[in-house]
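Just below is one structure, and these are the notes that go with it.
Atoms considered below: every heavy atom in the structure, side chains included; atoms not considered: hydrogens, waters and symmetry mates.
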Amino acid sequence: DGVIPGPGLDGVFGTADDNGLWYSKTTPVTVGPLWAGDYQATEVTPPAGYLAPEDPKPQVSGDLAHGETHRFTFGNKLNITINTKATAQGGNIGDQIADVAVVNGLHDGEAATVGVTAYGPFDSVDKIVCTEDKKVFDQVFPIIGSGEHTSPKFTTTQAGIFTFVETVKAPDGRTATHKCGMTAETFRVVDVTTKTSSTLINAGDDLSDTAIVKGLADGEKATVTATLYGPFPLGTKTIGTFEEVRSGAASTPWKCDSTNVAGTVTFDVTGSGEHASPTVTVKAPGIYTWVESLAIPGGGTSTHTCGITAETTRVVDITTKASSTAIIEGGSVHDVGIVKGLADGEKATIEVAMYGPFGDAKSAVCTAERKVGSATYQIAGNGEFPSPNFTPAAPGIYTFVETLVVPEGRVAHKCGMDSETFTVAKRKVTGSGSSGSGSSGAGSSGSLASTGQNSILLVGAGVSLIVLGATLVRRRRSE
């Protein structure tokens, strides 16, 4: 009873259409009201692999009595299949990775649900098991019809290997899933955090970055590319102070692309741990930030966003020049700090120190033992700022060093710079008497003092210096 032919076998009532509908030919109705034309399909069992009648009332022609035969329409129950692929094969902790399900077997407009589960972390692919204790993400999302359907995103919080498993379910009970640990569903998370070698440097200094890697096996090798971007300007109203930039309180025009690359270095790392990059010389003041990318063995890249605090460095430019290259013993000299890289009106402090005396410029060393004077003064913004005056106590070679102090730290220029180095000449000592009296004595200003040793000629009140060898100056004999 209830014999139903297959699609295409019903020549009287039609054949299977594009949606795979069955047309029954002789389906006896065994229960239901006895009124003609009012038979329900509540107890008609669908054939295997097919849906219940789309229309619960049989299609009839004429008056039918109890026990007579009539026709029902059944929908073809297609097999559901699901294939999936993770949106990334690798990433960094904090990245969001989704799964894409390719579902077949649903009719247009037919609703279903997909459950997506992530398992992990695992140390290696051969240790993957999809058990309850390894479940780290589990969500169900609705879909309509066949095709590609992207799952909600899984935010990674640990380093290691993970895998997705998806299961599709239709309201009529049809379901499909796939195996655990499929290659397309498996991805690796390597944690790369980084920190710049300094948050404050002087223009012309070298800067490096440190990659802090987690998730690589002992002895496993990988390649890291570190790119320095900048300079980003500082101090305009839209950008704010450096501290506001680093804290995220300022609107910062971070744009890490090929248009503002200040330097790129590539280096190999082995295993997890801290790995220092080669250096990049930073030439101009401003804000700079590093971005590091690690090529994950087996596929994928672990990287971080542009402009994170630990990767951001402020570069200022402090150069200086002494007010004179040479003075006479007992005279005064000051230094001039030339500052770039501060915000407009930003306050800072300059500490200036004088070192000496040295026999020559090459022997200058800026140590505490050779410091002979110091001063501190306040500045605001960029520009040239003269220091207080210094009066060296003895002849010789001297040099200045200036240190710029800002909230982020202290930065100074090198010791013994040519523009900072000056000479203090020994004051000439003259004898008594007048040069025209015939008595013994030194000549007028600009002559040599008779010392029998090296002598320094002072030309007028100027600062030109000529060092001569040992000599004697003949005294004029009176006639």
Side-chain angles (χ1 to χ4, degrees), residues 194-209 228-256 259-263 280-291 305-323 334-354 366 373-390 400-415 417 419-420:
T194 52
K195 60 182 179 181
T196 183
S197 59
S198 178
T199 59
L200 177 69
I201 64 171
N202 198 25
D205 289 350
D206 291 336
L207 186 67
S208 65
D209 201 29
L228 183 65
Y229 296 91
F232 300 97
L234 179 71
T236 64
K237 292 182 179 179
T238 57
I239 298 176
T241 67
F242 183 66
E243 186 57 36
E244 289 171 338
V245 168
R246 286 173 55 84
S247 67
S251 175
T252 309
W254 297 125
K255 184 181 179 182
C256 295
T259 64
N260 61 345
V261 173
V280 171
T281 302
V282 186
K283 298 179 180 180
I287 303 174
Y288 292 79
T289 192
W290 289 98
V291 174
T305 57
C306 168
I308 63 176
T309 298
E311 285 289 62
T312 305
T313 297
R314 181 179 188 179
V315 180
V316 295
D317 184 11
I318 178 166
T319 56
T320 53
K321 60 182 180 182
S323 60
H334 66 268
D335 202 25
V336 178
I338 306 169
V339 178
K340 299 177 184 178
L342 297 184
D344 294 341
E346 182 181 4
K347 294 181 180 180
T349 300
I350 291 181
E351 297 174 352
V352 57
M354 184 174 67
C366 299
S374 64
T376 299
Y377 60 107
Q378 305 299 313
I379 66 169
N382 299 309
E384 296 191 4
F385 305 95
S387 75
N389 285 327
F390 290 82
F400 281 117
V401 172
E402 293 208 10
T403 301
L404 179 68
V405 183
V406 292
E408 295 76 40
R410 305 159 57 87
V411 63
H413 60 77
K414 296 178 180 179
C415 171
M417 295 176 62
S419 61
E420 286 286 64

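In plain terms, the two heavy atoms of I350 and L404 that are nearest each other are CG1-CD1, 4.0 Å. Closest heavy-atom contact between T194 and A310: O-CB, 3.5 Å. E420 and V401 make their closest contact through OE2-N, 4.2 Å (heavy atoms, listed as atom of the first residue, atom of the second, distance). Here the closest non-hydrogen pair linking V282 and V315 is CG1-CG2, 3.7 Å. Annotation for H334 and P388: closest pair CB-O, 3.4 Å, computed over non-hydrogen atoms. The shortest heavy-atom contact between F385 and A380 is CZ-O, 3.7 Å.
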Might you work through the side chain to side chain contact (heavy atoms under 4.5 Å, CB included) test for H413 and N202, ending with a clear yes or no? CA-CA 7 Å; H413 60 77; N202 198 25; 4.2 Å; yes

Hey, mind stepping through R314 and L342 against side chain to side chain contact (heavy atoms under 4.5 Å, CB included) and telling me if it holds? CA-CA 10 Å; R314 181 179 188 179; L342 297 184; 3.4 Å; yes

After noting the C-alpha distance and the side-chain angles of V352 and F400, does the key distance pass the side chain to side chain contact (heavy atoms under 4.5 Å, CB included) rule? CA-CA 7 Å; V352 57; F400 281 117; 3.8 Å; yes

Verdict with reasoning, I379 to V339, per side chain to side chain contact (heavy atoms under 4.5 Å, CB included): CA-CA 9 Å; I379 66 169; V339 178; 3.8 Å; yes

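Taking 4.5 Å as the limit, every side-chain heavy atom of W290 sits out of range of all side-chain heavy atoms of I308. Residues Y288 and N260 form no side-chain contact, since every pair of their non-hydrogen atoms from C-beta on lies 4.5 Å or further apart. With contacts defined as side-chain heavy-atom distances shorter than 4.5 Å, the pair V280/L207 does not qualify. Contact check for D335 versus F390: no side-chain heavy atoms found under the 4.5 Å cut-off. Using a 4.5 Å cut-off on side-chain heavy atoms (C-beta onward), V316 and K340 make no contact.
To the nearest 0.5 Å, atoms CD (E311) and OG1 (T199) are separated by 12.0 Å. Here the straight-line distance linking atom OG of S198 with atom CG of D205 works out to 8.5 Å at 0.5 Å rounding. Note that OG1 of T349 and CZ of R410 are 9.5 Å apart. Values are rounded to the nearest 0.5 Å.
Between the side chain of S419 and the backbone N or O of T320, at least one donor-acceptor pair lies under 3.5 Å. In this structure a side-chain-to-backbone donor-acceptor pair under 3.5 Å is missing from T289 to Y229. The backbone N or O of A343 sits nowhere less than 3.5 Å from a side-chain atom of N382 that would complete a donor-acceptor pair. With hydrogens and angles disregarded, a donor-acceptor distance shorter than 3.5 Å links the side chain of D209 to the backbone of T196. Checking side-chain atoms of T313 against main-chain N and O of L200 turns up no donor-acceptor pair under 3.5 Å. A side-chain donor-acceptor contact under 3.5 Å links S197 to the backbone of S208. Checking side-chain atoms of E351 against main-chain N and O of T403 turns up no donor-acceptor pair under 3.5 Å.
Looking at K414 and E402, no side-chain N of the basic residue comes within less than 4.0 Å of a carboxylate O on the acidic one, giving no salt bridge.
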